[in-house]
Amino acid sequence: MKRIMIVLMISLMVGSYAGVVCANELDGVHQTWWGKKDDERQVDDEIPEPQGGPEYTERVRQPVSNIILQQRYPDTVILRGPDTSNRIALTFDDGPDPRYTPELLDVLSEYGVPATFFVMGARAERYPEILERINNEGHIIGNHTYWHPNLVEEGDIATLEREVNQTEDVINDIVGYRTRLFRAPYGFLYNQLVEKLAEMDYSVIGWSLDTLDWREMPAEEIAYTVISNVNPGAIILMHDGGEYESDRTNTIEAVRQLIPILQEQGFEFVTVPELTGIPYQR
């Protein structure tokens, strides 16, 4: 019954806020999303690809649980904020992507919601104007490596250092600060990698609520996952990019659906530094 009521509430609010019917591309039907055809999106066939491969093939394995890593390194690995107030944080990985990030920023701006973006250095370097917009609109930028390798599979501290430092330099060149926030591709780390990141003065930001939006479920399902599982202090994982074939349209639509519902329930959206009290720059 609870699930039915939430889905019904989402459907009613979708109609109220947009009044646009969307067809599902997965069924072979050309779709219109919020009055914008997908062939109108900016397409760039040279978008830097994640080196470690798509989430579908990599996220099926978890080398060391982030919960265990947080227990081992409580001052470095952060999975959530305090539960003493109804504050939560939206986070987005794998951008900036010219097809999806600008539209996502439009939605966040519409509702006055700040977020935290963990960016690929290669993409930030290719699309500096999007990174500048993220920063100028009050969002926080974190380091998500340069090429998005599977750091555990690489098993090499030197790879971590190179990926992190190169991305740090790119971010600093574009927005003028060196971030202290790091999120590993796929969330994959092990003890020595965490220890090296701590030595490099980074906080490792995980999450407490994984939307699994990379599976490209319908927007209503992504929104339901958040609305039915969120709690005070939650750090919510979503994606504004991915491999070239990925589609983040449903993520954008889910964000549009879930924000007003959670705001009506009394939740306040803040950045990860605001939620956790961790400085975001050096």
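A donor-acceptor contact shorter than 3.5 Å links the side chain of Ser208 to the backbone of Ile235. Looking at Asn136, its side chain does come within 3.5 Å of a backbone N or O of Glu132 through a donor-acceptor pair. Within the 3.5 Å criterion, the main-chain N or O of Trp147 finds a donor-acceptor partner in the side chain of Glu163. Although no hydrogens or angles enter the test, the distance criterion places a donor-acceptor pair under 3.5 Å between the side chain of Thr116 and the main chain of Val272. Side chain of Tyr100 to main chain of Gly242: no donor-acceptor pair is present (N/O by atom type, distance under 3.5 Å, no hydrogens or angles).
Using a 4.5 Å cut-off on side-chain heavy atoms (C-beta onward), Pro98 and Ile130 make contact. Proximity of Ile141 to Thr179: side-chain heavy atoms (C-beta onward) are nowhere separated by under 4.5 Å. Looking only at side-chain heavy atoms (C-beta outward), Asp94 and Pro50 stay at 4.5 Å or farther from each other. At least one side-chain heavy atom of Glu161 sits less than 4.5 Å from a side-chain heavy atom of Lys196. Between Leu108 and Val255, some side-chain heavy-atom pair lies under the 4.5 Å cut-off. Two residues are said to be in side-chain contact when any heavy atoms from C-beta on lie closer than 4.5 Å; Ile205 and Ile278 meet this criterion. Side-chain atoms of Tyr244 and Glu46, non-hydrogen and from C-beta on, never get closer than 4.5 Å to each other.
Here the options are Gln263, Glu264, Gln265, the test is side chain to side chain contact (heavy atoms under 4.5 Å, CB included), and the partner is Ile261; only Gln265 passes. Among Phe118, Tyr280, Phe117, the single residue meeting the ring-ring contact (aromatic ring centres under 6.0 Å, His included) criterion with His139 is Phe117. Among the candidates Thr276, Thr271, Leu275, the single residue satisfying the side chain to side chain contact (heavy atoms under 4.5 Å, CB included) test with Arg87 is Leu275.
Between Tyr111 and Phe269, the gap from one ring centroid to the other reaches at least 6.0 Å. Note: Phe182 and His144 fail the aromatic proximity criterion, with ring centroids not under 6.0 Å apart.
The CG atom of Leu258 sits 5.5 Å away from the CD1 atom of Ile227 when rounded to the nearest 0.5 Å. Atom CG of Asn191 sits about 9.5 Å away from atom CD1 of Ile68, to the nearest 0.5 Å. Taking OG1 of Thr91 as the reference point, atom CH2 of Trp207 lies at 8.5 Å (rounded to 0.5 Å). In this structure, OG1 on Thr76 lies 13.0 Å from CE on Met200, to the nearest 0.5 angstrom. In this structure, CD on Glu110 lies 13.0 Å from CG on Leu105, to the nearest 0.5 angstrom. Expressed to the nearest 0.5 Å, how far CG of Asn250 lies from CD of Glu221 amounts to 9.5 Å.
Taking 4.0 Å as the cut-off between side-chain N and carboxylate O, Arg178 and Asp169 count as a salt-bridged pair. Look at Arg248 and Glu103 and you find no salt bridge, because none of the NZ, NE, NH1 or NH2 atoms lies under 4.0 Å from a carboxylate O. With respect to Arg183 and Asp93, a salt bridge is recorded, a charged nitrogen being found less than 4.0 Å from a carboxylate O.
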Starting from the C-alpha separation in whole Å, work towards a yes-or-no answer on side-chain contact (heavy atoms from CB on, under 4.5 Å) for Leu212 and Thr225. CA-CA 9 Å; Leu212 301 176; Thr225 297; over 6 Å; no

When you look at Tyr224 and Asn229, which way does the side-chain contact (heavy atoms from CB on, under 4.5 Å) test go after all the steps? CA-CA 8 Å; Tyr224 173 80; Asn229 292 286; 5.8 Å; no

Could you walk me through whether Asp97 and Arg126 pass salt bridge (charged side-chain N to carboxylate O under 4.0 Å, His left out), step by step? CA-CA 10 Å; Asp97 189 311; Arg126 183 165 182 81; over 6 Å; no

List the steps and the verdict of salt bridge (charged side-chain N to carboxylate O under 4.0 Å, His left out) for Arg133 and Glu129. CA-CA 6 Å; Arg133 181 182 171 188; Glu129 70 285 352; over 6 Å; no

List the steps and the verdict of side-chain contact (heavy atoms from CB on, under 4.5 Å) for Ile236 and Val230. CA-CA 8 Å; Ile236 301 164; Val230 73; 4.3 Å; yes

Let me see the working for Glu243 and Ser246 under side-chain hydrogen bond (donor to acceptor under 3.5 Å, both in side chains), right down to the final yes or no. CA-CA 5 Å; Glu243 65 276 9; Ser246 64; 4.5 Å; no

Show your reasoning for whether side-chain contact (heavy atoms from CB on, under 4.5 Å) applies to Asp106 and Ile252. CA-CA 10 Å; Asp106 289 344; Ile252 296 169; over 6 Å; no

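Residues Tyr127 and Pro96 approach most closely at CD1-O, 3.7 Å, considering heavy atoms. The two residues Pro232 and Asn86 have their closest heavy-atom pair at CG-OD1, 3.2 Å. Taking all atoms of both residues into account, the shortest heavy-atom contact from Leu79 to Asn66 is CD1-O, 3.7 Å. Residues Phe92 and His239 come closest through the heavy atom pair CD2-N, 4.1 Å. Contact between Ala234 and Arg80 at its shortest, heavy atoms only, is N-NH2, 4.0 Å. Residues Pro279 and Leu181 share a closest heavy-atom pair of O-CD2, 4.1 Å.
Met120 and Ile140 sit in two unconnected hydrophobic clusters of ILVMFWY residues. Membership requires side-chain heavy atoms under 4.5 Å apart, directly or through other members.
Side-chain contact annotation: Thr251 with Asp213, donor-acceptor N/O pair under 3.5 Å present.
The side-chain tip of Arg282 points at the ring of Tyr202 from less than 6.0 angstrom away and within 45° of straight on. By the 6.0 Å and 45° rule, Arg123 does not stack over the aromatic ring of Tyr146.
Heavy atoms from other residues, nucleotides or ligands lying under 6.0 Å from CD1 of Ile157 number more than 12.
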